[in-house]
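Structure record follows, encoded as structure tokens.
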Amino acid sequence: MALNDQVLLRYLEVLRYHGLIRSDLDVQHQQYALLSTATGFFMAEAMLYDRAPENPEVRGDLLAETLRRMLETSAEEFRAARTESNALVQPLRHSSMQEAAAAAAPEVIALYEQLEECSAREMRRQLRE
């Protein structure tokens with residue numbers, strides 16, 4: 001669980017650094033909002049089963065859209081951030097959101113590979129016990 005928290009926090013920091021999610025909130029507040037929102041969606045499966053959309057793809061799309069609206073930087077905000085005066089203090093990193101995502105990808109992939117390895121190790125340990 002501690003590694004999960006570390007990976008999620010670092011993931012958000014990487015996305016913020018590349019301008020892919022908002023940076024106007026404290027990163028730990030973003031982590032809390034992400035976790036509590038996802039937890040709420042998963043709890044709703046059990047508690048509100050009679051009111052949830054039947055199709056799991058629809059439920060997944062609703063969660064994704066909620067998180068997008070809460071965290072992501074829009075293309076307009078991304079472009080505006082590149083032209084604001086603070087760009088002189090912080091060098092412009094990327095010319096497009098696609099370039100920013102491509103630049104963030106190697107570190108994000110490495111984080112989740114680390115998490116996958118740790119999870120596999122823990123599952124093997126529990127299966128032996």
Side-chain angles (χ1 to χ4, degrees):
M1 291 306 293
L3 181 61
N4 283 334
D5 281 345
Q6 292 169 1
V7 166
L8 180 57
L9 188 60
R10 183 64 192 143
Y11 171 68
L12 293 172
E13 290 169 344
V14 169
L15 296 182
R16 286 166 64 107
Y17 176 81
H18 291 284
L20 295 167
I21 63 171
R22 298 169 51 177
S23 60
D24 60 336
L25 300 171
D26 182 278
V27 70
Q28 290 180 325
H29 293 172
Q30 284 177 312
Q31 181 184 29
Y32 171 79
L34 174 63
L35 290 172
S36 61
T37 301
T39 300
F41 266 81
F42 296 125
M43 292 295 292
E45 292 291 312
M47 298 175 71
L48 305 173
Y49 63 90
D50 60 334
R51 289 177 262 168
E54 273 189 49
N55 186 323
E57 287 80 16
V58 171
R59 294 192 306 270
D61 289 345
L62 288 169
L63 175 58
E65 182 63 20
T66 300
L67 294 176
R68 240 183 248 113
R69 289 177 185 255
M70 179 175 55
L71 295 174
E72 278 187 4
T73 302
S74 70
E76 294 79 27
E77 291 168 325
F78 184 87
R79 283 192 292 276
R82 290 179 30 70
T83 59
E84 289 176 1
S85 60
N86 69 353
L88 298 174
V89 175
Q90 189 170 21
L92 303 177
R93 292 186 189 95
H94 311 293
S95 60
S96 69
M97 290 183 83
Q98 290 80 9
E99 185 182 310
E107 187 168 355
V108 169
I109 291 167
L111 284 168
Y112 283 94
E113 285 174 342
Q114 175 188 8
L115 189 58
E116 178 187 30
E117 181 183 312
C118 180
S119 296
R121 238 186 354 260
E122 179 61 17
M123 286 193 298
R124 285 190 304 272
R125 184 190 68 76
Q126 288 188 22
L127 288 171
R128 280 179 270 178
E129 289 180 0

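Computed from a predicted structure; not experimentally measured.
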Open item on the list: Going by the rule side-chain hydrogen bond (donor to acceptor under 3.5 Å, both in side chains), which residues pair with Arg124 if we only count those two or more places apart in sequence or in a different chain?
Closed with: none
TODO: Report the residues that fulfil side-chain hydrogen bond (donor to acceptor under 3.5 Å, both in side chains) with Glu45, sequence neighbours left out, ordered by chain and then residue number.
DONE: Arg59
Task: Which residues share a side-chain hydrogen bond (donor to acceptor under 3.5 Å, both in side chains) with Glu117, sequence neighbours left out - done: Arg121
TODO: Go through the structure and list residues passing salt bridge (charged side-chain N to carboxylate O under 4.0 Å, His left out) with Asp50, not counting sequence neighbours.
DONE: none
Task: Spatial distance of atom NE2 (His29) from atom OG (Ser36) [nearest 0.5 Å] - done: 11.5 Å
- [ ] Only counting residues at least two apart or in another chain, list the ones meeting side-chain contact (heavy atoms from CB on, under 4.5 Å) with Asn4.
- [x] Met1, Leu115
Task: Results of ring pair (Phe, Tyr, Trp, His ring centres under 6.0 Å) for Tyr112 - residues two or more places apart only - done: Tyr11
- [ ] Kindly write out the residues that satisfy side-chain contact (heavy atoms from CB on, under 4.5 Å) with Met70, not counting sequence neighbours, or none if the list is empty.
- [x] Ala33, Thr37, Leu67
TODO: Scan residues 6-15 for pairs that pass salt bridge (Lys or Arg N to Asp or Glu O under 4.0 Å), counting only residues two or more places apart or in two chains.
DONE: Arg10-Glu13, Arg10-Glu107
TODO: Please name all residues satisfying side-chain contact (heavy atoms from CB on, under 4.5 Å) with Glu99, sequence neighbours left out, ordered by chain then number.
DONE: His94, Ser95, Ser96
TODO: For Gln30, enumerate each residue passing the side-chain hydrogen bond (donor to acceptor under 3.5 Å, both in side chains) test, keeping only those at least two apart in sequence or located in another chain.
DONE: Arg16
- [ ] Could you tell me which residues satisfy side-chain contact (heavy atoms from CB on, under 4.5 Å) with Glu65, sequence neighbours excluded, listed by chain and number?
- [x] Arg68, Arg69
